[in-house]
Amino acid sequence: MKVVTRFAPSPTGFLHIGGVRTALFNWLFAQKNGGIYKLRVEDTDLKRSTQESIKKIYSGLEWLGLKGNDEPILQSRNIPRHIEVVKKLLSEGKAYKCYCTQEELVKMRSSSRAAGRTRLYDRRWRDKEPDTEIEENITPSIRIKMPIEGKTMISDLIQGDVTVTNDNLDDFVILRPDGTPTYMLAVVVDDHDMDITHVIRGDDHLNNAFRQYHLFDACGWDIPYFAHMPLIHGNDGAKLSKRHGALGIDFYQDLGILPQAMQNYLLRLGWSHGDDEIISMEQAVSWFDLESVGRAPSRFDMEKLNNLNAYYIKENTDEFLVDLIIPRIECLLSKTLNNCMKKRLLLGMPSLKQRAKNINILAESALFYCQELPLGFNDKAAKFVNKGTIKNVKSLGKLLKKLDIWEVSELETSTKEFAISNEIKLGEIAQPLRVALTGSSVSPGIFDIMHALGRDETLSRINDFGNQ
RNA sequence: GUCCCCUUCGUCUAGUGGCCUAGGACAACGGCCUCUCACGCCGUAAACACGGGUUCGAGUCCCGUAGGGGACGCCA
C-alpha cells in the first residue's frame, strides 16, 4: 500500500502552531513510509474563507518545508463531485431529505440536551415524505442515515481502539438547502478521491471520525486509517486561543525563530524518541512513528522554543545569519548598509551568535557595528564615562595605534599590559572601552569587537569617546 | 448535561510488571569560567492525581473517584 497523507487546513484565520504540527506529522509519516503528502485547502465555507488566509497558509508551510510537492487542492473546486455523491446516496436510500426549519432544530436540540442525550436530531424525516403544502414549500437539506443500533469501533493509530454506541450518532446534514455540501461530506469524498490512506489530525476530530466512518461505508469505500493527535494548549493549560500563543506561524517567523528550531520544537511536543532532544529533520524522517505520539495534550512553552532557537542560531553559518539580520538592521537604522559594515557583521558574528535567542535580538545586538559616530549611549553606559575613564581609554588608544598586527590575541595582550602598567584591573579599562566602542555596557568581548570593527573604526571610536 | 479522550518534576517527556531509592531536556537556583552580558561546564531542588484491587512484586495491568481537555452546527 502506498501511503498518502494530507494536511487540510481551513483558510478562515491564521495558520497556528497546532495546525503546523499536524502538517509536520503528516509530512513526516509520509516521508518515513515512502509515501506522498498532500495539501488540501478546505475553503467550502465561502463566507469565512479568505484569499489572504490561503496565502498565509502557503507561506507558513513553505517556510517550514511542509507545502508538499503537488499543487495544493482547493476543496471548493470539487463541489460538483460532492453533490454527485449526495445524489447517489439519496437514490440508494442511504440519505434522505429533511424538511426541518431552523426553529424546529433549535427546539429539538435544547430538549434533547435537557433529556441528557448526545444525539440531538430526532430523525423525524428519516422515513417520511412531506405531506402538507407548507412542508412541500421548504427546500430540504439532505441527511445521511446513521446506523441506529450497535456500536462502532475505530482502531485509531494514536488513541487505540475507541468505541461509541451508534445511538449517539446523529443523522447529520451532508447537503444544505442551498445545494452546498457540508464539511463532513466533503472531507470523506475528497479523502477518498485523493487516495488518502492515513488521516492524521487533531483529536478535536475524533468524534467526527465515527460519522465519517459510516459515510465512507455508505459510499462503499475503504475506510482510511485514523490517527488523532492531542491538541496543543496554551501556557495556562486552557485551549490555545488568541490570548496566549495561538498566533499565526508568521508571528514566530517575524520574531526570528529559525525553521529548524520550530520543526524540532513541534516534533518533540507530543512525540519522543527516548531522551533525544536535538533532532534534525533527516533523523526525524527515519525515526518517526505514530506509536510514539503521546495521548495527553501538551502545553506550548516559548522558553523551550527559545532555547532550541538559540541552539540552531549557534549551529548556522555566519554568512547565513548575516544575510538574515541585514534587512532587519536596515529597517531599524533606516539606511542601507555598506560593504564595510557587512564585513564587520561577518567578522563579529561568531561572538554575536553566542548571545541571541532569536534573529531579532541578534540584529539588535549587532546594531553597533553599523552605527556611525557619534555613538549615543544609554544610562547604564553613561556611568562609565568620566574624566578618568576617558583619559584611560584614550591612552590605551595611543598604545593600540602602534600595533602592527590587528588580531584578537595582540589586542588582548596589549590591553592587559596596559592595565598592569597603569595598576588598574582589566575591568576598569574594559568597561569604559566597551562603552566607547559600542555605546553600551553589554556586548560581546571587547577584543572580538575591536577585531571586527577594524583598526581605523576602533581608533575613531576611541578618539570620539567623551566628545558627546 | 451527554459522549469521547487524557493524568510522571513548573513545562516537554523517558518508562510497555522486577534494570526506578523514577532518567533526560527547558525553566529555576547555586558554583566554575570571566572585560560586561551571554555561551560552555559542574551541581541543587523538583513528579508517578487519589482510592481500591490483581500480583511474590505496579509509574507500568484492572475498577472507581477527582481533575483537565475535546466534541455535541445547514463551521471546518
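Throughout, protein chains are lettered first and strands after them, A, B, ... in sequence-line order, and every chain is numbered starting at 1.
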Side chains of A:P9 and A:L39, heavy atoms from C-beta outward: is any pair under 4.5 Å?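 They are in contact (side-chain heavy atoms under 4.5 Å apart), so the answer is yes.
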
Considering only heavy atoms from C-beta outward, does the side chain of A:R201 approach that of A:M229 to under 4.5 Å?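 No. Closest side-chain heavy atoms not under 4.5 Å.
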
Less than 6.0 Å separating the ring centroids of A:F288 and A:W271?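 Yes, close enough.
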
Is it the case that the ring center of A:F226 lies less than 6.0 angstrom away from the ring center of A:F210?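 Ring-ring flag for A:F210/A:F226: false, centres at least 6.0 Å apart.
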
Is a salt bridge present between A:K87 and A:E84, judged by a nitrogen-to-oxygen distance below 4.0 Å?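 Salt bridge flag = no for A:E84 with A:K87.
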
With a 4.0 Å cut-off, would you call A:D203 and A:R295 a salt bridge?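 Salt bridge flag = no for A:R295 with A:D203.
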
With a 4.0 Å cut-off on heavy atoms, is [X] in touch with a base, just the backbone sugar-phosphate, or nothing at all?
X: A:N208; result: base
X: A:E277; result: base
X: A:G270; result: sugar-phosphate
X: A:H228; result: nothing

Protein within reach of the bases, or only the backbone? For [range], mark each nucleotide 5' to 3' as B, S or -, using heavy atoms under 4.0 Å.
range: nucleotides 1-6 of chain B; result: BBSSSS
range: nucleotides 38-43 of chain B; result: BS----
range: nucleotides 44-51 of chain B; result: --------

Closest nucleotide among [options] to the [X] side chain:
X: A:S298; options: B:C74, B:C26, B:C12; answer: B:C12
X: A:Y183; options: B:C26, B:A14, B:A76; answer: B:A76
X: A:D275; options: B:C37, B:C74, B:G23; answer: B:G23
X: A:R109; options: B:A76, B:U13, B:G73; answer: B:G73
X: A:V173; options: B:G24, B:C74, B:G70; answer: B:C74

Using atom [atom1] of each nucleotide, how far apart are [N] and [M] to the nearest Å?
N: B:C56; M: B:G51; atom1: P; value: 23 Å
N: B:A47; M: B:U65; atom1: P; value: 28 Å
N: B:A28; M: B:G10; atom1: P; value: 16 Å
N: B:G24; M: B:C32; atom1: C1'; value: 23 Å
N: B:C6; M: B:C48; atom1: C1'; value: 15 Å
N: B:G23; M: B:G43; atom1: P; value: 14 Å
N: B:A25; M: B:C42; atom1: P; value: 9 Å
N: B:G64; M: B:U11; atom1: P; value: 27 Å

Determine whether any donor atom in the side chain of A:K304 lies under 3.5 Å from an acceptor atom in the base of B:A27, or the reverse, and answer yes or no.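 Result: no qualifying N/O pair found.
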
Watson-Crick or G-U wobble partner of [N], both distances under 3.5 Å:
N: B:C39; value: none
N: B:G67; value: B:C6
N: B:C72; value: B:G1
N: B:U21; value: none

Show me the pairs that pass side-chain hydrogen bond (donor to acceptor under 3.5 Å, both in side chains) and involve residues 414-430 of chain A, at least two apart or across chains.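 Counting only pairs at least two positions apart or across chains, the side-chain hydrogen bond (donor to acceptor under 3.5 Å, both in side chains) contacts touching residues 414-430 of chain A are A:E412-A:K416.
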
Only counting residues at least two apart or in another chain, list the ones meeting ring pair (Phe, Tyr, Trp, His ring centres under 6.0 Å) with A:Y225.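 With neighbours one apart ignored, the set is A:H198.
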
Would a distance-only check, ignoring hydrogens and angles, find a side-chain to backbone donor-acceptor pair under 3.5 Å from [X] to [Y]?
X: A:K38; Y: A:I73; value: no
X: A:R124; Y: A:C98; value: no
X: A:Q75; Y: A:T44; value: no
X: A:N26; Y: A:F7; value: no

Gap separating the NE2 atom of A:H192 from the CZ atom of A:F216, nearest 0.5 angstrom: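 Here the rounded value is 8.0 Å.
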
What nitrogen or oxygen pairs link the protein and nucleotides 33-35 of chain B at under 3.5 Å?
{"unit_1": "B:C35", "atom_1": "O2'", "unit_2": "A:R434", "atom_2": "NH2", "d": "3.3"}
{"unit_1": "B:C35", "atom_1": "O2", "unit_2": "A:R434", "atom_2": "NH2", "d": "2.3"}
{"unit_1": "B:C35", "atom_1": "N3", "unit_2": "A:I446", "atom_2": "N", "d": "3.3"}

Atom-pair distance ([atom1] on [X]; [atom2] on [N]), nearest Å:
X: A:Y265; N: B:C26; atom1: OH; atom2: P; answer: 14 Å
X: A:N306; N: B:U11; atom1: CG; atom2: P; answer: 18 Å
X: A:R299; N: B:G70; atom1: CZ; atom2: P; answer: 12 Å

Listed partners of [X] passing side chain to side chain contact (heavy atoms under 4.5 Å, CB included), at least two apart:
X: A:M153; answer: A:S155, A:D161, A:T163
X: A:Q283; answer: A:I279, A:S280, A:W287
X: A:L89; answer: A:V85, A:E92, A:K94, A:A95, A:I144, A:I174, A:L215, A:A218, A:C219
X: A:L346; answer: A:D318, A:E319, A:V322

Does A:S443 or A:T180 map to a spot on RNA chain B nearer the 5' end, using the closest nucleotide for each?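 Its nearest nucleotide being more 5', the pick is A:S443.
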
Assuming nearest nucleotide by heavy-atom distance, tell me which of A:Q75 and A:R21 is located more 5' along RNA chain B.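 That would be A:R21.
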
Whether A:R21 engages the ring of A:F25 as a cation-pi pair (distance to the six-membered ring centre under 6.0 angstrom, angle to the ring normal within 45°) should be assessed.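 Yes, A:R21 and A:F25 form such a contact.
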
A:K304 NZ/CZ over A:Y265 ring centroid, <6.0 Å and within 45° of normal: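 Output no; distance or angle outside limits.
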
At a heavy-atom distance below 4.0 Å, what parts of residues 45-56 of chain A sit against RNA chain B?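 A:D45, A:R48, in order of number.
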
Go through residues 96-107 of chain A and report each residue with a non-hydrogen atom lying under 4.0 Å from RNA chain B, sorted by number.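 Contacting residues: A:C100, A:Q102, A:L105.
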
Phosphate contact (B:A14 OP1 or OP2) by A:S272 side-chain N/O below 4.0 Å: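 Yes, A:S272 has a side-chain N/O under 4.0 Å of OP1/OP2 on B:A14.
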
Taking 4.0 Å as the cut-off, does a side-chain nitrogen or oxygen of A:R268 come that near to OP1 or OP2 on B:A25?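 It does not, given that no N or O in the side chain of A:R268 lies less than 4.0 Å from OP1 or OP2 of B:A25.
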
Reference residue A:D171; test side chain to side chain donor-acceptor pair (under 3.5 Å); the match among A:R143, A:R126, A:R119: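 Only one of A:R143, A:R126, A:R119 forms a side chain to side chain donor-acceptor pair (under 3.5 Å) with A:D171, namely A:R126.
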
Between A:T165 and A:D167, does any side-chain donor sit less than 3.5 Å from a side-chain acceptor?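 Looking only at side-chain atoms, A:D167 and A:T165 do not form any donor-acceptor pair under 3.5 Å.
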
